[in-house]
K.L.:
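Structure provided below as structure tokens; questions to follow.
Per chain, numbering begins at 1; letters A, B, ... match sequence-line order.
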There are 2 protein chains.
Amino acid sequence: MGRPARVSPDRILAVAALEFAERGFAGARVDRIARRAKVNKAMLYYHFKSKQHLYHALLRRMFSLAAARLQTVAASNAPPADKVDRALAGIAAFIEEHAFFPAIMMREIAEGGAHLDRETLQTLSAVPRAFAAIVQEGVISGAFRPVHPFFAYFNMLAPIVFFQAAAPIRREITHLHVLDLGGASPADFVRHMQDATRRLLARDAGPARKSTS
Amino acid sequence: MGRPARVSPDRILAVAALEFAERGFAGARVDRIARRAKVNKAMLYYHFKSKQHLYHALLRRMFSLAAARLQTVAASNAPPADKVDRALAGIAAFIEEHAFFPAIMMREIAEGGAHLDRETLQTLSAVPRAFAAIVQEGVISGAFRPVHPFFAYFNMLAPIVFFQAAAPIRREITHLHVLDLGGASPADFVRHMQDATRRLLARDAGPARKSTS
DNA sequence: GTCTATACTTCGATAGAC
DNA sequence: GTCTATCGAAGTATAGAC
């Protein structure tokens with residue numbers, strides 16, 4: 001839509017996202033990114049100083065977008081339970097719009113955050129912070145029972161990211177008839193997680209605690 | 001313990017597990033594995049035909065061990081709710097014994113199962129199958145409400161794997177004072193997930209469904 | 001079974017012309 | 001800003017002596 005945009009760092013970033021998601025940082029090939037983005041490799045290095053810088057720029061952008069979306073939900077004045085539902089839906093929508101993101105995120109976690117500088121971590125941390133704020137608001141108002149906000153965050157985020165990232169393996173497993181997963185859609189799973197999260201936070205009496213570790 | 005075990009493919013596998021977990025398949029260096037295992041690189045290639053074969057052997061062993069453990073729980077004759085608790089505890093224990101495993105698993109998922117042949121997939125599939133059997137038993141007996149067994153599987157497994165794999169990043173975030181995670185232990189989180197899974201499956205009335213997507 | 005030395009390849013990055 | 005050509009490092013894998 002804008003001007004011609006000759007080389008377009010944006011196009012490089014879009015292609016790099018796919019490459020990093022498919023192969024990881026170490027497996028990603030700068031040559032391939034340049035080719036797929038239809039820019040000369042030297043041009044890529046002109047816009048982004050190195051493979052690392054390119055990766056950094058990508059992560060910062062993604063975390064920033066995700067955090068902004070959750071912050072919007074948190075800042076609204078809906079009831080806490082609705083905010084939680086919307087936060088889940090917002091994350092699911094974000095992932096649908098950026099299908100490459102779960103894979104990158106999972107790799108980055110597995111990597112121990114080796115490619116996260118302080119600034120990127122700061123941006124990233126806004127995501128759990130926004131969600132935790134929603135939970136805490138509900139706990140304080142009495143709408144939710146007391147639950148560790150960051151436990152709730154991991155509890156709701158991990159399955160969604162996992163489920164989306166595992167799509168290729170699920171297809172493979174289904175295709176090889178190794179296991180029947182009962183074919184349910186990502187949208188179904190998001191609804192499941194909304195339900196699960198509501199049950200997790202609900203005030204009414206759950207089953208009695210009974211340790212068996 | 002055993003005999004002298006001069007080169008010991010086991011030691012190579014143990015070291016390879018760490019290397020693959022830390023750097024991923026593409027990032028792993030055969031030189032480094034050989035050096036850390038204190039074997040000559042040519043010796044490594046003598047025991048394992050290639051980097052791929054080494055990785056395959058490792059994955060099959062891990063999936064096989066994990067599946068066996070869950071199958072033991074599923075085959076016991078405890079009540080379904082207890083089996084679920086024990087399944088969670090068993091997975092947590094497995095991860096504690098093999099701390100490198102979550103990272104490898106997350107990378108493999110992100111990779112789209114690029115390194116999983118049919119045999120490995122078959123072994124892997126025994127894990128969700130065992131857990132699904134527990135859930136289904138509970139649903140049929142009326143102990144649980146009807147829940148998609150594989151949704152429940154993802155719902156309980158992903159957070160545990162995530163939480164463990166994210167330990168380095170959590171440490172980094174805490175250390176840089178970017179975010180206060182309220183310092184809770186992995187054991188606390190496992191208990192949280194046992195509780196959450198019980199609430200997910202519990203028969204008593206949860207909050208009414210109310211979509212907000 | 002074990003080692004040294006090295007062949008062969010690929011990759012990240014840059015020099016330098018235009 | 002854009003390209004071609006290439007350097008130097010690093011990596012997988014193997015040949016061949018012992």
K.L.:
Respond yes when some side-chain nitrogen or oxygen of A/Tyr45 is under 4.0 Å from OP1 or OP2 of C/dA13, and no when none is.
P.N.:
yes

K.L.:
Round to the nearest Å and state the distance from B/Arg23 atom CZ to D/dT12 atom P.
P.N.:
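The answer, rounded to whole Å, is 12 Å.
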
K.L.:
Of A/Lys49 and A/Arg32, whose closest DNA chain C nucleotide lies nearer the 5' terminus?
P.N.:
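Of the two residues, A/Arg32 wins.
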
K.L.:
May I ask you to verify whether the side chain of A/Lys51 and the base of C/dA13 hold a donor-acceptor pair under 3.5 Å?
P.N.:
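Not at all, since no donor on one side and acceptor on the other fall under 3.5 Å apart.
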
K.L.:
Does NZ or CZ of B/Arg198 fall inside the cone over B/Phe144's six-membered ring, less than 6.0 Å from its centre and within 45° of the axis?
P.N.:
no

K.L.:
Side chain of B/Tyr46, heavy atoms from C-beta onward: which of C/dG1, D/dT2, D/dT4 has the nearest atom to it?
P.N.:
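The answer is C/dG1.
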
K.L.:
So for atom CD, which belongs to A/Gln52, do other residues, nucleotides or ligands contribute more than 12 heavy atoms lying within a distance under 6.0 Å?
P.N.:
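Result for CD/A/Gln52: enclosed.
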
K.L.:
If I take atom CZ in residue B/Arg35 and atom P in nucleotide D/dG11, what distance separates them, rounded to the nearest angstrom?
P.N.:
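Computing the B/Arg35:CZ to D/dG11:P distance gives 10 Å.
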
K.L.:
Could you check how far CE of B/Met43 sits from P of D/dC18, rounded to whole Å?
P.N.:
18 Å

K.L.:
In whole angstrom, what separates B/Lys41's NZ from D/dA15's C1'?
P.N.:
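After rounding, the gap between these two atoms is 13 Å.
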
K.L.:
When all nucleic acid strands are considered with a 4.0 Å heavy-atom cut-off, which category describes A/Ala26: base, sugar-phosphate, or nothing?
P.N.:
nothing

K.L.:
Under 6.0 Å between ring centres, would you say that holds for A/Phe151 and A/His148?
P.N.:
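Yes, close enough.
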
K.L.:
Among the nucleotides D/dT4, C/dT4, D/dA13, which one has an atom lying closest to any side-chain atom of A/Asn40?
P.N.:
D/dT4

K.L.:
Can you measure B/Phe25 atom CZ to D/dG11 atom P for me and round it to whole angstrom units?
P.N.:
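About 14 Å, once rounded to whole Å.
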
K.L.:
Look at all strands and tell whether B/Ala28 reaches a base, only sugar-phosphate, or nothing, counting heavy atoms closer than 4.0 Å.
P.N.:
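Here B/Ala28 touches the backbone only, sparing every base.
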
K.L.:
For the pair made of NZ in B/Lys38 and C1' in C/dT2, what is the distance, rounded to whole Å?
P.N.:
17 Å

K.L.:
Look at the side chain of B/His47 and decide which nucleotide, out of C/dT14, C/dG1, C/dA13, has an atom nearest to it.
P.N.:
C/dG1

K.L.:
Would you say the side chains of B/Arg129 and B/Ser125 form a donor-acceptor pair under 3.5 Å?
P.N.:
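Yes, B/Ser125 and B/Arg129 have a side-chain donor paired with an acceptor closer than 3.5 Å.
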
K.L.:
Side chains of A/Leu65 and A/Arg69, heavy atoms from C-beta outward: is any pair under 4.5 Å?
P.N.:
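Sidechains of A/Arg69 and A/Leu65: no contact.
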
K.L.:
Ignoring backbone atoms, establish whether A/Arg29 has a side-chain N or O less than 4.0 Å from OP1 or OP2 of C/dG12.
P.N.:
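So the side-chain polar atoms of A/Arg29 do come within 4.0 Å of the phosphate oxygens OP1 or OP2 of C/dG12, strictly under.
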
K.L.:
So if I take every side-chain heavy atom of A/Val30 and compare against C/dT4, C/dG12, D/dT2, which nucleotide ends up nearest?
P.N.:
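Nearest to the side chain of A/Val30 among the choices is C/dG12.
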
K.L.:
Separation of A/Gln52 atom CD from C/dA13 atom P, in whole Å?
P.N.:
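For the pair A/Gln52 CD and C/dA13 P, the rounded distance is 9 Å.
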
K.L.:
Whole angstroms only, please: what is the CG-P distance between B/Leu44 and C/dC3?
P.N.:
12 Å

